Amino acid sequence: MAKIIDGKDLAKKFREEVAAEAKTLTVKPHLAVILVGDDPASHTYVGMKEKACKAANVESTVHRLPAEATQDELMMLIDGLNSDRGVNGILVQMPLPSHLDQMAIFGAVKREKDVDGFHPTNIGLMNLGFAEALIPCTPAGIMEMLKSIDYPLKGKHVVVVGRSNVVGKPLSTLALLADATVTTCHRHTENLAHFTRQADVLIVAVGKVNLITADMVKPGAVVIDVGTNRVGDKLVGDVDYDAVATLASFITPVPGGVGPMTIALLLKNTVLAAKIQNG
Ligand code: NAP
């Protein structure tokens, strides 16, 4: 039976470390969150982020815009926060209403305040392995989870299912930088199971319930389930958890796995951003 990688527990330790580090700074780090529209899930996520900031000695402010806000209005808000010396991190809560240009937003947040790690410069710095890169929170959190089980990726075959800019692509890069052999799968991958069965570490970030069944997993593999899917009033991942847990060596639950680590890494990035801005 697989051991569970407890994201809640790990995130708690991580948040305590961040809180201690934030206390050593002369000025309290400050995260500004922009929320556009009325998406209930986004409101919940923003609320969770505010709560986590409070507990970690990080100041937070939420800037709300109506769903019909224009690109110019959003850009003006970002410009103001970019030049506000009292703000260290800026996060634009995704998804944005469809009339807004997400890629333009990624480039508009000042790279030093880009705690989501989506700015092209941060992506470049991450690819080149520079320590001052602000790295996307979910992939960074997953790398910390692998560290926590003392599982060096060097020489291992990491299979990432999903290639989004937010999770799959940066995760594939981080695994490569950690000397793993990496396969990235996506919607057009033929015979997905052929690849997933080869994985020493299988990371699934798709958003499809039970996409990964037990017959698609190598016995002893480490399985990280990033997916969050709402089924009725329950949150489930992309992996058939009960069946896969019988043969994997480690597995992350949903909820209580990757999610809490994403928020912990957001706090870490905010503190790092404050340090970068203060030299
Ligand atoms: P996304 O942007 O929708 O990307 C999904 C990826 O899955 C795409 O690359 C897509 O391929 C691929 N895909 C779709 N169907 C597939 C299939 N049948 N076989 C193989 N690949 C397939 O989603 P995302 O933002 O990366 O998020 C993925 C999941 O993780 C979602 O459930 C999301 O809610 C969750 N998530 C959780 C956290 C957390 O903190 N827990 C954070 C972020 C995301 P193409 O590129 O070819 O379309």
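Atoms within a ligand are numbered from 1 in the order they appear, just like the ligands themselves. These numbers come from a predicted model, not from an experiment.
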Heavy-atom pair of closest approach, residues L134 and N122: N-OD1, 3.2 Å
A student checking ligand 1 against T262 at a 4.0 Å heavy-atom cut-off should list atoms 39 (C), 40 (O)
In terms of residue, atom name and distance, what is the protein heavy atom nearest to atom 20 (C) of ligand 1? H186 O, 3.2 Å
Would you name the heavy atoms of D225 and D238 that are closest together and state the gap between them? OD1-N, 2.9 Å
Students should be able to answer this: which protein heavy-atom is nearest to atom 37 (C) of ligand 1, and at what distance? V226 O, 3.2 Å
Which is closest to atom 6 (C) of ligand 1 by heavy-atom distance: G168, A205, C185, G259? A205
Starting from atom 34 (O) of ligand 1, which protein heavy atom do you reach first, and at what distance in Å? T228 OG1, 2.6 Å
Compare S164, P136, P260 and give the one whose heavy atom is closest to atom 26 (O) of ligand 1. S164
Residue, atom name and distance, where the atom is the protein heavy atom closest to atom 31 (C) of ligand 1: G207 CA, 3.8 Å
From the options M94, M261, R163, R187, select the one whose nearest heavy atom is closest to atom 17 (C) of ligand 1. R187
Which atoms of ligand 1 sit under 4.0 Å from any heavy atom of G162? 6 (C), 7 (O), 9 (O)
Assess G227 for proximity to ligand 1: is some non-hydrogen atom of it under 4.0 Å away? yes
Check each of V167, I142, V206 against atom 16 (C) of ligand 1 and report the one with the nearest heavy atom. V206
Given I105, which of L96, D116, V36, I34 fulfils the side chain to side chain contact (heavy atoms under 4.5 Å, CB included) condition? L96
Distance-minimising heavy-atom pair for A264 and R15: CB-CG, 4.0 Å
How many angstroms lie between OG1 in T181 and CG in L176, if you round to the nearest 0.5 Å? 8.5 Å
For the residue pair T183 and H157, confirm or rule out a side-chain donor-acceptor distance under 3.5 Å. yes
Test item: side-chain donor near acceptor, T213 and D215, under 3.5 Å: yes
Please say whether D238 places an N or O atom under 3.5 Å from an N or O atom belonging to ligand 1. no
Ligand 1 to V161, heavy atom cutoff 4.0 Å, flagged ligand atoms 20 (C), 21 (N)
heavy-atom search around atom 15 (N) of ligand 1 in the protein gives K208 NZ, 3.0 Å
Is K275 salt-bridged to E21, cutoff N-O under 4.0 Å? yes
Suppose we measure from atom 42 (C) of ligand 1 to each protein heavy atom; which comes out shortest, and what is that distance? T138 OG1, 3.3 Å
Does the pair E16/K13 count as a salt bridge with the N-to-O cut at 4.0 Å? no
Taking all non-hydrogen atoms of both residues into account, name the closest pair between G117 and I123 and its distance. O-CG1, 3.8 Å
Ligand 1 contacted by T189 (non-hydrogen, < 4.0 Å): no
